[in-house]
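The sequence lines fix the lettering, A, B, ..., with proteins before strands; numbering per chain opens at 1.
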There are 2 protein chains.
Amino acid sequence: MTAKEANSWTRIRGELLRRINERVWQPGDLIPGEVDLAEEFGCARTTVNRALRDLADSGLVTRKRKAGTRVAVNPPHKATLTIPIIRADVEARGCVYRHALVTREERYLPHHLGGAFRLPEGAQLLYTETMHYADDRPFIFEERYTNVDTVPAFGTMDFEDISANEWLVQNTPYSGGDMVFFAANADETLARYFDTAPGTAVFAIERTTWDGSDPITHVRMTYTPGYRMRTQI
Amino acid sequence: MTAKEANSWTRIRGELLRRINERVWQPGDLIPGEVDLAEEFGCARTTVNRALRDLADSGLVTRKRKAGTRVAVNPPHKATLTIPIIRADVEARGCVYRHALVTREERYLPHHLGGAFRLPEGAQLLYTETMHYADDRPFIFEERYTNVDTVPAFGTMDFEDISANEWLVQNTPYSGGDMVFFAANADETLARYFDTAPGTAVFAIERTTWDGSDPITHVRMTYTPGYRMRTQI
DNA sequence: AAGTGGTCTAGACCACGCC
DNA sequence: GCGTGGTCTAGACCACTTC
């Protein structure tokens with residue numbers, strides 16, 4: 001109906017999708033088990049499993065052992081954002097990338113990071129501020145707290161040739177973290193950096209990463225005014 | 001090292017991850033084929049395939065037939081955002097949900113939507129504005145253009161009991177679309193709605209959806225000042 | 001042409017979670 | 001308990017790319 005299905009588990013997913021969309025199976029309904037569907041479609045159970053697993057990943061059905069598979073009542077929209085290395089992002093726009101280290105100093109754990117960073121009393125972090133440029137225009141302002149106990153080599157870098165952002169991505173594996181997306185009004189400093197009026201709305205991302213239970217880094221990336229982050233769904 | 005691996009393809013993924021993280025395989029390197037790895041790990045090729053497919057999904061390796069699997073040089077950060085139905089979002093915060101239809105009128109295709117909506121000259125759309133409340137506090141302001149030719153039933157709704165947002169999610173399947181995340185300064189009207197000062201930074205999402213090549217709807221959701229959208233990575 | 005990943009099969013065992 | 005999804009296997013054919 002919408003697109004051509006090559007030949008495989010995607011065709012089965014398409015048929016299941018059709019039944020969900022056309023209300024053959026209503027939201028909340030229990031749908032047949034994998035064995036039954038496999039028989040109906042004349043394929044192996046593995047293939048049905050692949051199709052159902054994909055639908056579950058996109059949130060359209062919920063699956064539980066013994067309980068079976070149900071059509072989701074409120075299918076959430078899911079969007080996968082790909083946040084590239086800043087250098088790659090800039091160069092993909094056909095611009096020349098450049099960065100400059102603005103600040104670099106030891107700092108105590110800021111109070112507002114207490115929740116994210118479980119560190120001993122008075123633990124010191126390396127604080128760095130970096131401006132990333134696209135064709136000499138400020139593109140992203142990066143404020144970062146890094147736990148040098150977890151990443152000793154980080155403390156010895158000068159970040160002339162490579163930015164803190166790039167170095168960490170290439171050298172520090174992480175096991176998990178969280179990200180926050182929000183809007184903020186540019187303060188005096190930020191406005192001066194971006195050559196705009198104070199109060200201008202800017203898009204920002206905060207990211208905290210851990211390796212196991214060891215905190216690695218907390219960073220806020222503030223994007224140039226007017227930046228729009230896109231994705232396909 | 002970081003977490004316990006149950007027993008399965010995740011253990012293999014963990015071992016492959018270790019080799020990537022510890023530079024046993026350098027960025028850009030060609031890693032062994034599935035058959036070799038299966039032999040090394042003493043498992044079926046399917047299992048190795050599952051592990052490698054997962055690493056490819058997260059962007060850590062790139063795979064091509066005949067060419068093989070390579071360690072990615074600039075592994076991008078990927079984050080999956082789950083945008084829930086507004087009602088569910090509000091109720092998950094323990095608040096009472098309510099919505100109000102503010103505006104509803106026929107409008108011609110706005111010029112700035114020309115790129116997203118491929119419609120005939122002078123085509124009319126149904127424009128709706130809806131305010132979504134959490135405990136009687138304005139939470140999200142929704143501005144929506146809907147193509148009633150694609151979704152005829154939409155034009156007959158009064159959106160008293162159910163919001164346009166909720167109705168569309170429950171009744172209109174889509175095959176694809178795009179989303180944009182950005183920050184904006186609240187204008188006079190928006191500031192009045194949110195009971196804040198004009199110029200306050202607000203987080204917003206624009207979403208356009210199609211069914212095949214037929215445009216369905218374009219919506220801008222503007223969130224209450226201070227809203228932060230979170231996700232785990 | 002040949003190698004590599006992509007997929008499918010038929011069968012099996014396991015683990016979670018309702019009852 | 002026991003039913004359902006989660007996973008694994010061994011083998012096979014196919015499709016895409018590079019050579």
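Closest approach to the B:E34 side chain among C:dC8, D:dT4, C:dG5 is made by C:dG5 (side chain taken as heavy atoms from C-beta onward). Of all nucleotides listed (D:dT18, C:dG6, C:dT9), D:dT18 comes nearest to the side chain of B:K64. Of the listed nucleotides (C:dA15, C:dT4, C:dT9), C:dT9 has the atom at the smallest distance from the side chain of A:A44.
Rounded to an integer number of Å, the gap from CG of B:L30 to P of C:dG3 is 15 Å. Between B:D54 atom CG and C:dG5 atom P the separation is 16 Å, expressed in whole Å. Rounded to whole Å, the distance from CD on A:E39 to C1' on C:dG11 is 16 Å. Atom pair A:R13:CZ and C:dC8:P shows a separation of 11 Å (rounding to whole Å applied). Between A:R65 atom CZ and C:dC18 atom P there is a gap of 12 Å when expressed in whole angstrom units. C:dT9 atom C1' lies 17 Å from atom CH2 of A:W9, rounded to whole Å. For B:D36 and C:dG3, the CG to P distance is 13 Å, given to the nearest whole Å. The interatomic distance linking B:I31 (CD1) with C:dG5 (C1') rounds to 12 Å, in whole Å.
Put simply, the side chain of A:R45 and the base of D:dT4 share no donor and acceptor less than 3.5 Å apart.
A residue-by-residue look at A:A67 and A:R50 shows that A:R50 has its nearest nucleotide of DNA chain C further toward the 5' end. Mapping A:R63 and A:K66 onto DNA chain D by nearest heavy atom places A:K66 at the nucleotide closer to the 5' end.
OP1 and OP2 of D:dT7 both lie 4.0 Å or more from every side-chain N or O belonging to A:N49. Residue A:T69 has no polar side-chain atom (N or O) positioned under 4.0 Å from OP1 or OP2 of D:dT4. A close approach under 4.0 Å does occur between a side-chain nitrogen or oxygen of A:S8 and OP1 or OP2 of C:dC8.
You'll find the ring centres of B:F117 and B:H112 outside the 6.0 Å limit.
Cation-pi contact between A:R87 and A:Y97: absent, since separation from the ring centre below 6.0 Å together with deviation from the ring axis within 45° is not met.
Under a 4.0 Å N-O distance rule, the pair B:E40/B:R19 qualifies as a salt bridge. Ionic pairing of A:R11 and A:E15 is not present here: no N-O contact between side-chain nitrogen and carboxylate oxygen is shorter than 4.0 angstrom.
Residue A:T46 is classed as a base contact, given a heavy-atom separation below 4.0 Å to a base.
Between B:F159 and B:F154, the ring-plane angle classifies as tilted under the 30° and 60° cut-offs.
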